[in-house]
Amino acid sequence: MKSEALLTILATSDVHGHVYPYFYGTDENAEHGLGKLAALIKREKEQSEISILIDNGDLIQGTPLTYYYSRYLKNQKNPMIQILNKLEYDAAVIGNHEFNYGKNTLARAVSESNFPWLSANILFNSTKETYFGLPYKIKTFANGLKTAVIGVTTQYIPNWEKRQHIEQLSFESAVVSLKRWVSYIQEEEKPDLIIVSYHGGFEKDIKTGELTEEQTGENEAYRICTDVPGIDVLITGHQHRFIEGEQVNGVSIVQPGFNGQALAKVTVKFRKKHNDWLIDEKNSALIYPNGIMPDHEVLQLAGYYESKTQNWLDTVIGEIEGDMVIKDIFEARLKEHPLIEFINKVQMEAAGADISCTALFHEGAPGFKSKVTMREIVSNYIYPNSLCVLRISGKDIKDALERSASYFELNSDGEIIVNPEFSYPKPQHYNYDMWEGIEYKIDVSRPKGSRITELLYKGHPPIMEDGEYHAVMNNYRAAGGGGYYMFKDRPVVKEILTDMTELLAGYFSEKGKVIPTLNCNWEVSAGK
């Protein structure tokens, strides 16, 4: 038997339902998608001596394809699971977005999988046993090399997800769970290599160890490397970063971006001493599918679903008489845009509330052209959010506006720019909200926390700190997501469980024609 071995660990993460190499909003070609990664995966597995293939979470949500499947084809097999089965994945990890379409869709995806879904830190409230059954998987190769893969998930899910989607579940710190399970696996399984696949990211700078974000527990990868002994390889995700060739405290780390833009590859070289396999060398890298032809077999698996989705996307559902196109995404956050006012008004009408807030969710939001299709709706509103009406205080509104105002800062020339904290380590432009039903002014020249210089309700009465108001917002924000802790645990007056994409489509279907309006109820300035 050979005295050396080379193990290849392949991982995808944050694929978010992307199979095909194009952008749904524009139909332009894109160097992304599981179709392209499949070609890389097959090539790497053929060239590898021994290999493990893992998905690190956020797989089954994120594109019109997965949305259409979950709403209209959910009694058929999940196309994303069919693809992973075909590629013979060894394991997958639960990501936070796996819950977005509800527990039934997730349970069905798990049951259709030919591989285990791992999450050691998602537990039943009542028994504290792992919800998905297996916290880890052992894979032993013909040469006797034994590996363990442990799956963990960001514990911050209750701060984002709809309550009914996570009933009876609790989310333990990944660090706490790993301390327990790594020790157990070392004693009971005695593997030659321990791999942790963590759907979460880094809370500290990889090189310096300095904090890069508030320590909420959302991201614990740095602590996993420093506080949990015995881990050899750490696969990360959630932050949509591209990390390769790095180690923290001797642990090889990797993160392959998002939407299938890269495949993570970690190679581990072993040598045999007596009866033990010893690690000689570890290296992590990212492989990009640029110029690679997508795997035809994988595209065919999703072809029926994609065809149905494309027909749905091209359905014209309404008209815009005026201009609701976004020409400059930054300007649309700096000065009120008709699209934002429109979305807020749809929310207010659906909820029966007279105060509303919403965001521009991504940098590619196009707005609406004259003929509105479902493609444009899902290109602007990319998340399966529903709505909540909360009873909040005037102080809550003021605090929320100050949180939004921190999105801006001034450069050396006194010009307003985006605060880098909303761009790195993960773009979070969706955490800047714009409001309707109140009037307010933001002065970016003032210190953070005191930038709201005017705050009025219905034209003239000032918002009273101890006053009570009903405001409608998406479920993510209502749960305190994005640093809006002032909303967490506030009384829920009403829930509208219909997804916003359906509410927007229904509004167009009912009205037929929409005339954009702009009341300019808020402004952002750089001071005098």
Original post:
Should the pair F115 and W117 be assigned to parallel (<30°), tilted (30 to 60°) or perpendicular (>60°) ring geometry?
Top reply: tilted
Original post:
Do the ring planes of W312 and Y67 sit parallel (below 30°), tilted (30 to 60°) or perpendicular (above 60°)?
Top reply: parallel
Original post:
In terms of side-chain heavy atoms, does R477 have a donor or acceptor partner in N431 at a distance below 3.5 Å?
Top reply: yes
Original post:
So with a 6.0 Å cut-off around NZ of K269, is the heavy-atom count from everything else above 12?
Top reply: no
**OP:** Compare every heavy atom of D55 with every heavy atom of S13, then report the nearest pair and how far apart it is.
**Re:** N-OD1, 4.2 Å
Subject >> Heavy-atom side-chain proximity of V251 to V233 below 4.5 angstrom >> reply: no
Subject >> Side-chain touch V15/N259, heavy atoms, less than 4.5 angstrom >> reply: no
**OP:** Write down the atom of A120, the atom of I150, and the distance for their closest heavy-atom approach.
**Re:** CB-CG2, 4.2 Å
Original post:
Any sub-3.5 Å donor-acceptor pair from E31's side-chain atoms to P21's backbone N or O?
Top reply: no
Original post:
For residues 211-220, which residue pairs qualify under salt bridge (charged side-chain N to carboxylate O under 4.0 Å, His left out), counting only residues two or more places apart or in two chains?
Top reply: E220-R223
Subject >> Residue pair L53 / E88, side-chain heavy-atom distance below 4.5 Å >> reply: no
Subject >> Y131 ring center near F124 ring center (under 6.0 Å) >> reply: yes
**OP:** Report the residues that fulfil side-chain contact (heavy atoms from CB on, under 4.5 Å) with D328, sequence neighbours left out, ordered by chain and then residue number.
**Re:** F330, E331
Original post:
Take atom NZ in K308; do more than 12 heavy atoms of anything else shown fall under 6.0 Å from it?
Top reply: no
Original post:
For residues N100 and H165, is any side-chain donor paired with an opposing acceptor at under 3.5 Å?
Top reply: no
Original post:
So do the side chains of T12 and L263 get within less than 4.5 Å of each other, counting heavy atoms only?
Top reply: yes
Subject >> Pairing of E189 and K146 as salt bridge, 4.0 angstrom limit >> reply: yes
Subject >> Side-chain donor-acceptor pair present, Y305, Q310, cut-off under 3.5 Å >> reply: no
**OP:** Verify side chain to side chain contact (heavy atoms under 4.5 Å, CB included) between L387 and M500, making sure each step is shown before the conclusion.
**Re:** CA-CA 7 Å; L387 298 177; M500 266 303 292; 3.7 Å; yes
Subject >> Between D205 and T212: side-chain donor-acceptor atoms closer than 3.5 Å >> reply: no
Subject >> Nearest atoms (heavy-atom pairs only) where G201 meets Q255 >> reply: CA-NE2, 4.5 Å
Subject >> H238 and D58: CA distance, side-chain angles, deciding distance, side-chain hydrogen bond (donor to acceptor under 3.5 Å, both in side chains) verdict >> reply: CA-CA 8 Å; H238 184 58; D58 280 5; 4.7 Å; no
**OP:** Please determine if E112 and R108 form a salt bridge, counting it only when a charged side-chain N lies under 4.0 Å from a carboxylate O.
**Re:** yes
**OP:** For the pair D499 and K162, find out whether any cationic side-chain nitrogen is under 4.0 Å from an anionic carboxylate oxygen.
**Re:** yes
Subject >> Name of the residue among Y24, F23, F258 meeting ring-ring contact (aromatic ring centres under 6.0 Å, His included) with H32 >> reply: F23
Original post:
Taking all atoms of both residues into account, what is the closest heavy-atom pair of Y476 and G482, and its distance?
Top reply: OH-N, 3.3 Å
Original post:
Would you say the side chain of Y430 lies within less than 4.5 Å of the side chain of L360, judging by non-hydrogen atoms?
Top reply: no
Original post:
Can H240 and Q261 be said to form a side chain to side chain contact (heavy atoms under 4.5 Å, CB included), step by step?
Top reply: CA-CA 10 Å; H240 295 185; Q261 293 183 73; over 6 Å; no
Original post:
Parallel, tilted or perpendicular for Y484 and F487, by the 30°/60° rule?
Top reply: parallel
Original post:
Can I185 and Y136 be said to form a side chain to side chain contact (heavy atoms under 4.5 Å, CB included), step by step?
Top reply: CA-CA 9 Å; I185 290 167; Y136 68 92; 3.6 Å; yes
Subject >> Side-chain donor-acceptor contact under 3.5 Å, S404 with D433 >> reply: no
Subject >> Lys/Arg N to Asp/Glu carboxylate O, R271 vs D280, below 4.0 Å >> reply: yes
Original post:
Hey, do the aromatic rings of H362 and H429 have their centres closer than 6.0 Å?
Top reply: no
**OP:** Could you check if a side-chain atom of K265 sits within less than 4.5 angstrom of a side-chain atom of E44, using non-hydrogen atoms only?
**Re:** yes
**OP:** Indicate yes or no: does E246 engage K207 in a salt bridge with an N to O separation below 4.0 Å.
**Re:** yes
Subject >> Pairing residues for Y432 by the ring pair (Phe, Tyr, Trp, His ring centres under 6.0 Å) criterion, not counting sequence neighbours >> reply: Y407, F408
Subject >> Minimum heavy-atom distance G25-R375, with the two atoms named >> reply: O-CD, 3.9 Å
**OP:** For I253 and C225, work out which heavy atoms get closest and say how close.
**Re:** CG2-SG, 3.9 Å
**OP:** Answer whether the closest heavy-atom distance between the side chains of Y101 and L106 falls below 4.5 Å.
**Re:** no
Original post:
I52 versus L10: any side-chain heavy-atom pair under 4.5 Å?
Top reply: no
Original post:
Would the Y381 and F361 ring centres measure less than 6.0 Å apart?
Top reply: yes
Original post:
Is a salt bridge present between K103 and E98, judged by a nitrogen-to-oxygen distance below 4.0 Å?
Top reply: no
